[in-house]
Amino acid sequence: MEPKRDVPTEFLKPYNPAESEPEIIALWDKSGYTNPDTMVRDGLTKPDAEAFSIVLPPPNVTGTLHMGHAAMLAVEDILVRYARMNGKRTLWVPGTDSAAIATQSKVEGEIYKKEKKTRYDLGRDELMKRIDAFVEESKNTIINQVRAMGASLDWSRYAYTMDEPRYHAVMTAFVRMYEAGLIYRGDRIVNWDPNLQTTVSDDEIEWKEETRPFYYLKYGPFVIGTARPETKFGDKYVVMHPDDERYKGYAHGQKLELEWINGPITATVIKDEAVDMEFGTGVMTITPWHDATDFDIAERHKLEKEQVIDDKGILLPIAGEFAGMHIKKARPAIVEKLKHKGLIDHIDETYVGRIATNSRGNGIIEPQIKKQWFIAVNKKVKFPYPPRPTSGRVEAGGTERTLKEWMREAVESGRVKITPERFEKIYYHWIDNLRDWCISRQIWFGHRIPVWYRGDPSRHGEAGAVEVHCSVEGPNDNTWERDPDTLDTWFSSGLWTFSTLGWPEETADLKTYHPTSVLETGYDILFFWVARMVLMSGFLLGDVPFRRVYLHGLVRDGQGRKMSKSLGNIIDPLDMIKKYGADATRLSLIIGAQPGNDLKLSEDRVRGYKHFANKLWNISRFVLENTTDVEMGELNDADRALFKEAQDLAVQASKNIDHFRLDLAADSIYHFVWDRFAAEIIEESKPIMKSDDASAKASRARLLYELLTLSLKLLHPFMPFVTEAIWQRLPQKDAKLLMVARWPVNG
RNA sequence: GCACCUUUAGCUCAGUUGGUUAGAGCGUUCGAUUCACAUUCGAAAGGCCUCAGGUUCGAAUCCUGAAAGGUGCACCA
C-alpha cells in the first residue's frame, strides 16, 4: 500500500529505539528544559509555581550502571516528568559519589598490580593525584549511562561529593557541630578493619554465620565459653549475673587466684546484668579492648582495659610466647597449649557463631579501642529555631533536644513520611538502638577532618597536652599539624540534599527547593543514608531534608535471587537498552514493582515491553494515516463516551502516581492503550473510516487523534523516548516538546 | 530471641474502602491473517486465592492461630 501523503515515512518501519533514543536525548538537551530556570524564562512554568525537587542518590563515580540504578532512575524520572508536566517548578539534581573506601581500594589494587607499590610507597599526595585522575577518567561512563536511561536531570547543577562546593559544605558542617559539642574525639571501641586499616561504622558491618568450635575453658572454679581463645590472655575479670543462684557464693569484687594460659593470675568477680544466665555456663570473662559488650561492662565498673591484638591482627607481648603471631596462626597453637595444660573442659563443634565482616571490603572486623571522632547522638543541644535555610549556629530560643530525639520527631510528627509506611517502624527501631556514630576513617581518600593540633603529636587529644584548632579555613601559620583522618563518606552524604543546593551560602535554590519533595532510594540504605540526612539537616538547617521518603525494592533475577557475578545472573541495563530500548527497560522495572518490595526481572519481560513500544508506534501510524486527509469534527455521543472512558483512566492513573503506585498507573495505561484503544477502538474504526458517513468519520478521526495524544501524554513519564519521538511527528500539538506538554488531568 | 515482609494459574504478579461467574503478562494448545503491527488478532486449557478457625447476608480481601520462604534488628561471650 502506498503511504498516504504527510504521514512520516519512518512509521513504515518498526520503532527502532537504538536509532531514535540518542536523537531524542539531543533534542531534550538542546531545549534546556530540565533546568527549571529555563522553564520559567520561556514561560512554561510560572515563577511562583509550587516547587518539586529530588536529589539523585549519587551513584559511585567510578562505577557502572546496574539494574538497581536503572530502577531508581526510572522511578525518579517518572515522578519528575509527571511533576514537570503538571506545571510544577521541577528540579532533579544529578551527582556522583566518591565512594571513598571502594574507590581507594580499587585504585590501590590497580597500582599494586601494575607497579607493586602500596599507598605507603606512594605517599598521601601522590595517591590522591592518582585517584583524582582515575575519577576524572571514569566519571563520564556513569554519567552517560544515566543519561541513556532518559533521566531528565538538570546537568547544569551537577555535583560531585568531592568537589569544591561540597568540601566547603562538609567542613562547615563539621565545624558547626564541633562548636556545638556534637562532635567529640574519644577513646572508644570501634570496628577496625585490619585489611583496609580503617574504622568502619556499625551499619557497614555484615554479620556472617559460621559453624566453628566453641571452647569451654576452666577458669579457676568456673567454666567459661569462648569462640576466640586468642583474645583471652588478659582476661582478669570474671562476670556473672547478680541474680544467678549458681554463683551466689561469689561476691562482686572478690579476688581469686587461678592458673591461666601463661601462668597464674589474679581474677576479680564482677556482677553485671548484661550476662545472659541461659547462655553457656552463665559466666564469662571479658576482653574490653576487643569486644563491644565487654567494653560496656568495663566502662560501667571502671575496669582496666588492655590491648591484646594490634592493628594488623598480630598478638602483642601480653600473649607471651605467642606474641608476634597473627591471630589466625596463633589460635590452633593456643588451643593446643590449653589442652596440654588441661584448661579445656570440652569443645562444642556445632556452635554457630557470627563473624563481623566489612560489607564494603570483605575483611573480618576486629573491634579495637581507638581514639576516633564521634557524633554524640544522645547529647542535648540547642537546635536552630525557627528554621532558617542557612542557620546552624546555636540561637536564642532554639529548642533543646538530642539528635536522636530529633530523628524520631521528624518522622513521628509527619514532617517526613515514609512509603511504604512499615519502614517507619524499622526506622524508629534503628534510632532506639543507635550508638554514637564514629565518623573518622583512616583512609586517605575523603574529606579530611578540619582539625589541627600543636604540641606533642603522640599525645594528640589528651587534655592539656596539645592545642586543638577547628575551623573551615584552618590556622594560618604552619606550626600546626592537620588530623590525618578523613570523614566517613556518609557524613558528607548526609548533607547531600542541601550541599547540592549551595549550602552554606544562602542561595535561591536552597530557599526554593529545600526541603526536597521526595527522597527516593533503596530500602537497603534507609539507615546509612536516609537517617543521616535527617540528622544533619535537623541540626544544620532546623528542618527536614525531604517531605517524603519513597523506598523501592531490590531488583532480583527471574528466580528471585540476588544478581551477582558469581551466579552469572546479572542483567545489564545497558544491554537491555541496546536490545530493547530504554523505554522497555524502564517499564519492566516499574510494572510489577510495588513500593518496598523486591522485583523479579527477566529478559522476557523487557522484550514484552519493547513490543508495546512498537505497538504504540503502529497505533500512531494508523491514526495518522486515517486522520491526515480527513476533516476532524466534533465528537458524537458514542465517541464522546469512549473519550470519557479514557479521561477516567487518566484520572485514575494520576491518583495512582500521586500515591506512588507507579506500577498500577503504568499497568492500567498499558492495558487501556493495547486492549481497549488498539484492539477494540481501532478495529471498530476501520469500517467507519472506510464508510461514506462523513460526520461519523469526522467524529471518529477526532477521537482517534485525541486518544493518541492523550495516550502519549499519559505514557510519557513512563516511556519518554518513543512518546517524544511520535510527538515530534504529530501535525497538531499543544507543545513543541512532549516533555513540557501539560498533563491531561488537572491537579 | 524480637520485629517485619511474602504466600492468588506452569512462571512473574494485579486484585486500592469486603460485593456478581478471581484477572493480566509470559509460557502451552488450537485457529485466523499480504488488513497499523520484524507480527498481530481470536479462542482454549490451566486456580481447595498456603493451611485451620472466626466475624459477616457475603471473605483472596477483616480478625486469631499455624506452616513455608525471605529480610531487618539484637551486647548470646
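Any value given below was found using the heavy atoms of this structure, including those in side chains, with hydrogens, waters and symmetry copies removed.
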Presence of A:W674 side-chain N/O under 4.0 Å of B:C41 phosphate oxygens OP1/OP2: yes
Short side-chain N/O contact to B:A36 OP1/OP2 from A:K615, under 4.0 Å: no
A:K305 atom NZ, neighbour heavy-atom count above 12 within 6.0 Å: yes
A:K733, NZ: over 12 other non-hydrogen atoms inside 6.0 angstrom: yes
With [X], which residues qualify under side chain to side chain donor-acceptor pair (under 3.5 Å), at least two apart?
{"X": "A:D675", "value": "none"}
{"X": "A:D244", "value": "A:R246"}
{"X": "A:E683", "value": "A:K686"}

Under 4.0 Å protein heavy-atom contact, by nucleotide of nucleotides 16-25 of chain B - B base, S sugar-phosphate only: B-------S-
List the residues meeting ring pair (Phe, Tyr, Trp, His ring centres under 6.0 Å) with [X], not counting sequence neighbours, and say none if there are none.
{"X": "A:W430", "answer": "A:F527"}
{"X": "A:H611", "answer": "none"}
{"X": "A:F222", "answer": "A:Y247, A:Y250"}

Candidates B:U40, B:A38, B:G42 - which lies nearest the side chain of A:N618: B:A38
Nearest listed nucleotide, side chain of A:E625, among B:U12, B:A36, B:G42: B:A36
Those residues that, when tested against A:D432, pass salt bridge (Lys or Arg N to Asp or Glu O under 4.0 Å) (two or more places apart): A:R408
All salt bridge (Lys or Arg N to Asp or Glu O under 4.0 Å) counterparts of A:D639, not counting sequence neighbours: A:R700
Sugar-phosphate, base or nothing in reach of A:K686, heavy atoms under 4.0 Å: base
Sugar-phosphate, base or nothing in reach of A:I682, heavy atoms under 4.0 Å: base
Pairwise C1' distance for B:G42 and B:U17, with rounding to whole Å: 37 Å
Distance, C1' atom - from B:U56 to B:C63, rounded to whole angstrom: 12 Å
Every protein N/O within reach of nucleotides 8-11 of chain B N/O, cut-off under 3.5 Å:
none

Side-chain donor-acceptor pair present, A:N433, A:Y428, cut-off under 3.5 Å: no
Distances under 3.5 Å only, N/O to N/O: pair up the protein atoms with those of nucleotides 74-77 of chain B.
unit_1, atom_1, unit_2, atom_2, d
B:A74, N6, A:R354, NH1, 3.4
B:C75, O4', A:T293, OG1, 3.2
B:C75, O2', A:T293, OG1, 2.5
B:A77, OP1, A:Y351, OH, 3.0
B:A77, OP2, A:Y351, OH, 2.1
B:A77, O5', A:Y351, OH, 3.2
B:A77, N6, A:D276, O, 3.0
B:A77, N6, A:F279, O, 3.2
B:A77, N1, A:D276, N, 3.2

Distance, rounded to the nearest Å, where A:I590 contributes CD1 and B:C13 contributes P: 15 Å
Residue mapping more 5' on RNA chain B - nearest nucleotide basis, A:E683 or A:A593: A:A593
Contiguous Watson-Crick or G-U pair runs (3 or more, under 3.5 Å) in RNA chain B: B:1-7 with B:67-73, B:10-13 with B:23-26, B:28-32 with B:40-44, B:50-54 with B:62-66
